[in-house]
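Working notes, structure below.
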Amino acid sequence: MINAYAAEEKGGKFVPYQYDPGTLGDHEVEIEVHSCGICHSDLSMWQNEWGMTEYPFVGGHEVAGKVLAKGKHVKHLELGDKVGLGWHKGYCNVCDLCIGGDHNLCPEQEGTIIGNHGGFADKVRAKDTSVIKIPEGLDFNAVGPLLCGGVTVFNPLMQYDIKPTSRVAVIGIGGLGHLALQFANAWGCEVTAFTSESKMEEAKEMGAHHSLNSREDSEIEKAAGSFDLIISTVNVDMNWDMVIKTLRPKGKLHFVGILEAPLEISAAPMIMAQNSLSGSPVGSPSTLRKMLDFAARHNIQPVIETYKMSEINEAFERLESGNARYRVVLERD
């Protein structure tokens, strides 16, 4: 049996919950959960904001733990290995996208917390392709947020062949943004943070070479023609036409934060500068491995606040308040 914490209704309190996961599959791994981050996606699923949550809801898709059991066809992991599990718990592994290495775009992908029970528990199961070995040098307590938030902002650096000479801007210095600053800086880029005045100095401590006040149109206007890539991590609307003008020719505005409102953008300035809009979800298992190796090599760690797993309701209140700095992690009691 697996002992977990589940919400039995939309926005309900998390209470102890036990379930039988059944027989371990030949390609499955059972992970003993050491710690599990709480992502804003967990909050959205808990509140059924996307209309697909099944209750009782056991969230948690930023899992760090150890291999407790494995199916007979699992070859790349051994019992006791330190491993991580992110947004996906499985893929079909046979479609063109999977064969091409884009597992995160697989139409048959299985979400760790979509129709399944996640890592707010003592154990969790996943298909072997989704379970990533954690390299030495990463804080085992803090590694969870890298498996979702970290790979989400690392993925565009890989996808778009960003050069060390590129100028990269990050909009929003929160759970995603503070990791994006660290990755872009370690990548060798010149990094600018679009943030509030209160976070400017902190942004520079985390890797930004420059900061501008995203609430002041005059500051954004001064940055016209500056950036090869802008990574937007926010879920609020902005003057996107003004933001696009800060791109250099052929520059990209890339969304990893899900906006609440449709985009309103003028096409002509983008056409004249050959700019583009793009977006991406998390990353493939290969990208996850590269991201963790890169993070270990460059000592990239999320800034976290920790709670015991039994304090899950207090942890959700903290995340919901918007005051967490910058990721909330549940540790095994």
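All values below were derived from every heavy atom in this structure, side-chain atoms included, with hydrogens, water molecules and symmetry-related copies excluded. Numbering starts at 1 and runs along the sequence shown. Just so it is clear, the model here is predicted, and its values are computed rather than measured.
- Shown here for M291 and F183, the closest heavy-atom pair between the two residues is CG-CZ, 3.7 Å.
- Annotation for R318: atom CZ counts as buried by contact number, over 12 foreign heavy atoms lying within 6.0 Å.
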Decide yes or no on side-chain contact (heavy atoms from CB on, under 4.5 Å) for I231 and I171, but give the supporting numbers first.
CA-CA 6 Å; I231 301 174; I171 301 177; over 6 Å; no
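- Residues A126 and L85 approach most closely at CB-CD1, 3.6 Å, considering heavy atoms.
- The shortest side-chain heavy-atom distance between Y307 and E331 does not fall under the 4.5 Å cut-off.
- The pair E305-R325 does not meet the salt-bridge criterion, since no charged nitrogen lies less than 4.0 angstrom from a carboxylate oxygen.
- Within the 4.5 Å cutoff, no side-chain heavy atoms of H103 are placed close to those of Q109.
- Paired with S211 under the rule side-chain contact (heavy atoms from CB on, under 4.5 Å), one option of E219, K199, M200 passes, and it is M200.
- Using a 4.5 Å cut-off on side-chain heavy atoms (C-beta onward), W87 and I114 make contact.
- At a threshold of 4.0 Å, the pair K133-E78 does not count as salt-bridged, since none of the basic side-chain nitrogens sits closer than that to a carboxylate oxygen.
- Interatomic distance, D161 CG to L229 CG, rounded to the nearest 0.5 Å: 12.0 Å.
- Judged purely by distance below 3.5 Å, without hydrogens or angles, the side chains of K290 and S286 pair a donor atom with an acceptor atom.
- Both M158 and V153 are members of a single hydrophobic cluster when ILVMFWY side chains are connected at heavy-atom separations under 4.5 Å.
- Taking the ring axis of Y160 as reference, the NZ or CZ atom of K252 stays within 45° of it and closer than 6.0 Å to the ring centre.
- Side-chain contact between M206 and Y326 is present, with heavy atoms from C-beta onward closer than 4.5 Å.
- Residues Y17 and Y5 keep their aromatic ring centres 6.0 Å or farther apart.
- For the atom pair OG1 (T112) and CD (E62), the distance works out to 10.5 Å, reported to the nearest 0.5 Å.
- Here SG of C92 is found 8.0 Å from CD1 of I99. Values are rounded to the nearest 0.5 Å.
- Heavy-atom neighbours of D96 CG from other residues, nucleotides or ligands within 6.0 Å: at or below the threshold of 12.
- For CE of M52, the number of neighbouring non-hydrogen atoms (other residues, nucleotides, ligands) closer than 6.0 Å is greater than 12.
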Apply side-chain contact (heavy atoms from CB on, under 4.5 Å) to residues I220 and T246 and explain how you reach the verdict.
CA-CA 7 Å; I220 298 176; T246 68; 3.8 Å; yes
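- Between W46 and Y55, the distance separating the two ring centers is not shorter than 6.0 angstrom.
- From E202, atom CD reaches atom NZ of K204 across 13.0 Å, with rounding to the nearest 0.5 Å.
- For the pair I31 and V63, the tightest heavy-atom approach, listed with the atom from each and the gap, is CG2-CG1, 4.3 Å.
- The number of heavy atoms from other shown groups lying within 6.0 Å of NZ (K123) is above 12.
- Both L79 and I132 belong to a single network of hydrophobic side chains, linked directly or stepwise wherever heavy atoms of I, L, V, M, F, W or Y lie under 4.5 Å apart.
- Here the straight-line distance linking atom CD of Q301 with atom CG of L179 works out to 10.0 Å at 0.5 Å rounding.
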Audit row: E28, K70, salt bridge (charged side-chain N to carboxylate O under 4.0 Å, His left out) steps and yes/no
CA-CA 6 Å; E28 280 192 312; K70 65 175 190 168; over 6 Å; no
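- In terms of heavy atoms, N141 sits closest to S35 at O-OG, 3.5 Å.
- For the atom pair OG (S130) and OH (Y91), the distance works out to 4.0 Å, reported to the nearest 0.5 Å.
- The existence of a salt bridge linking K308 and D333 is excluded, since no basic side-chain nitrogen approaches an acidic carboxylate oxygen closer than 4.0 Å.
- A heavy-atom distance below 4.5 Å is not found between the side chains of I2 and V124.
- Within the 4.5 Å cutoff, the side chain of F316 has heavy atoms near those of the D42 side chain.
- At a threshold of 4.5 Å between non-hydrogen side-chain atoms, the residues V303 and H178 count as touching.
- Side chains of D228 and I162 form no contact here, defined as non-hydrogen atoms less than 4.5 Å apart.
- Between K82 and E136 no salt bridge is recorded (no basic side-chain N to carboxylate O distance below 4.0 Å).
- For R125 and E30, the salt-bridge test passes: some basic side-chain N is under 4.0 Å from an acidic carboxylate O.
- Other residues, nucleotides and ligands contribute at most 12 non-hydrogen atoms within 6.0 Å of the CD atom of E197.
- Put simply, V143 and I300 are part of the same group of oily side chains (I, L, V, M, F, W, Y) that touch within less than 4.5 Å, one to the next.
- Under 3.5 Å, the side chains of D241 and S266 contain a donor-acceptor pair of N or O atoms.
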